[in-house]
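The structure displayed is predicted, hence computed values, not measured ones. In what follows, chains are A, B, ... by sequence order, proteins preceding strands, each numbered from 1.
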Number of protein chains: 2
Amino acid sequence: MSTQTSNLRPSGHRAADFVVTAIEGRIAAGELADGAPLPPERDLIESYGVSRTVVREAVATLASRGLVETRPRFRPVVRRPGFDAAMAAASGVVGHLLMQSGGVKNLYDTRIFLEAALVRQAALQARKDDIEALRRALEANGEAIPDSDAFYRTDVAFHAVLYEIPRNPVFPAIHRAFTGWLAPQWTRMPRSPERNRMNFQRHSDIYNAIRDRDPDAASDALTAHLNAAWEYVRGTFDEA
Amino acid sequence: MSTQTSNLRPSGHRAADFVVTAIEGRIAAGELADGAPLPPERDLIESYGVSRTVVREAVATLASRGLVETRPRFRPVVRRPGFDAAMAAASGVVGHLLMQSGGVKNLYDTRIFLEAALVRQAALQARKDDIEALRRALEANGEAIPDSDAFYRTDVAFHAVLYEIPRNPVFPAIHRAFTGWLAPQWTRMPRSPERNRMNFQRHSDIYNAIRDRDPDAASDALTAHLNAAWEYVRGTFDEA
DNA sequence: CTTGCTGTTTGGTATGACCAAAAATGTGTA
DNA sequence: TACACATTTTTGGTCATACCAAACAGCAAG
């Protein structure tokens, strides 16, 4: 007859979800600023009138959503989410997808598609400083031809410039996610200065097309570049 | 063979992470098939030699990664992750992003960009049955003009066809994610048969351009369509 | 075969305890 | 005073036990 627990939280829902949304609200409201540590679990117990079990479950949920960052035995740190956090949240699942048949191919095709559209757009409306940034990235890429490790970094940086041209923070986040997901495949590819030189040539083609304001040529060059890279690495997969 | 119960989990790591990866492996190996219920928590305790706290934390992590589906008081159900699961994992963060300044705009611009590229591609290489599917979707959309609710559904369905044309499962997943994220904004938009008729006209333009194999016209029609919709709803935001 | 009841299973939560590492505090020396 | 070192307190990670309520499985009655 007497209610055993006298809590101030709405019953019927899961207590953990209640705590999650409550903390989410405090983050969104700015009460818990970016970089600040989360209150100790034992404080949260008192604040929300729940058990430590619930608090820990809630913190784990927040962590997997990218709203807080947990390291073993450290206070969780609040992270105001950016588009990168969204990608990070998805990456756990994507890792599984990549191991399924055709998963890598589907993702890589998506990248080709998106990037081809990016260079087309870039050819149409890249600003002077965009093209200059692209030129510098290309130059650095060319100088790194003898060093395959440096070439990889400058390669990624070159493509990164393409994602920055629209000035929409979603695109750089997508690029970082792509490179992170596909890096394991890439590193299995044998590298050599000769291949670097070939890829640099492709990069030059893309740059020239954008500089010359030729969207079709830019799109074609990008597609050819990435498709060639795929053909080169496809042998390393056991897929039909 | 004999179930190895020699659970010597590496110390230094978190026990919960250990359990998570172990269950992930069982899912990836197919031992836990899609749709099957997860073993009871009390069984997992014995299997991995950890406390129930750890098991619950692990299950919560798996749930937030989209590998299992939990409903209150039901056995968690294993879900072989698809690209939709990846999007679902990201949606928690995206919800926060949408509330930040410019978040909706950035995401919507991304959608316009992607969809414009899709219709361009569709104009170039859509198959006969693709165009036929698009025509049927357009027809249904036209018939739903008087009913704003039905119009919204057929509107989404029309755009969905565009995402299916590349036959890459990533794109439909992206579409579902977009519509899910942006639906709250859309539903705030006042709807009327007149606006429906206008949107239907835009859809017709897109369809005609694809049917006529005119990539530029298709891309322009799509961009005009979505930009017009944005202009129509922007008044509902308190953004500069 | 269906319907309805009943005991069992199982997830959700609470409580208390212990450990180890981090953070905070105190202390002695230069 | 300033700084390095030792000690106490805090705090996250884990374990064990217990209880409740809803889902589930089995059985009896219709």
Between B:Ile45 and B:Val50, is any pair of side-chain heavy atoms under 4.5 Å apart?
no
How close do B:Gly35 and B:Val77 get, heavy atom to heavy atom, and via which atoms?
O-CG1, 3.4 Å
Base, sugar-phosphate alone, or nothing: which one does A:Arg42 contact when heavy atoms must sit under 4.0 Å apart?
base
Please give, in whole Å, the distance from C:dG11 P to B:Arg73 CZ?
10 Å
Anything under 30° is parallel, anything over 60° is perpendicular, the rest tilted; go ahead and classify B:His159 against B:His225.
parallel
Aromatic ring pairing A:Phe151/A:His203, orientation class (parallel under 30°, perpendicular over 60°, tilted between):
parallel
Describe the nucleic acid contact of B:Arg75 in one word from base, sugar-phosphate, nothing, applying a heavy-atom distance below 4.0 Å.
sugar-phosphate
Nucleotide nearest B:Glu41 (side chain, heavy atoms from C-beta), chosen from C:dT10, C:dG12, D:dG12
C:dG12
Atom CD of A:Glu57 and atom C1' of C:dG12: how far apart are they, to the nearest Å?
8 Å
Here the distance between atom P of C:dG12 and atom CD1 of B:Ile45, to the nearest Å, is 13 Å
Of the nucleotides D:dT14, C:dA14, C:dG12, which one has an atom closest to the side chain of A:Val54?
C:dA14
From CZ of B:Arg52 across to P of C:dA14 the rounded distance in Å is 13 Å
Can you see if the side chain of B:Arg56 gets near the phosphate of C:dG11 - specifically, an N or O under 4.0 Å from OP1 or OP2?
no
Would you check if the distance from the ring center of B:Phe178 to the ring center of B:Tyr108 is below 6.0 Å?
no
Rounded distance in Å - CZ (A:Phe74) to P (D:dT10)
19 Å
Can you tell which of C:dT15, D:dA22, C:dA14 lies closest to the side chain of A:Val50?
C:dA14
Whole-Å distance, A:Leu38 CG to D:dT11 P, equals 12 Å
DNA chain C nearest-nucleotide lookup for A:Ser51 and B:Pro39: closer to the 5′ end is B:Pro39
Nearest heavy atom decides the nucleotide; on that basis, is A:Thr53 or A:Arg71 closer to the 5' end of DNA chain D?
A:Arg71
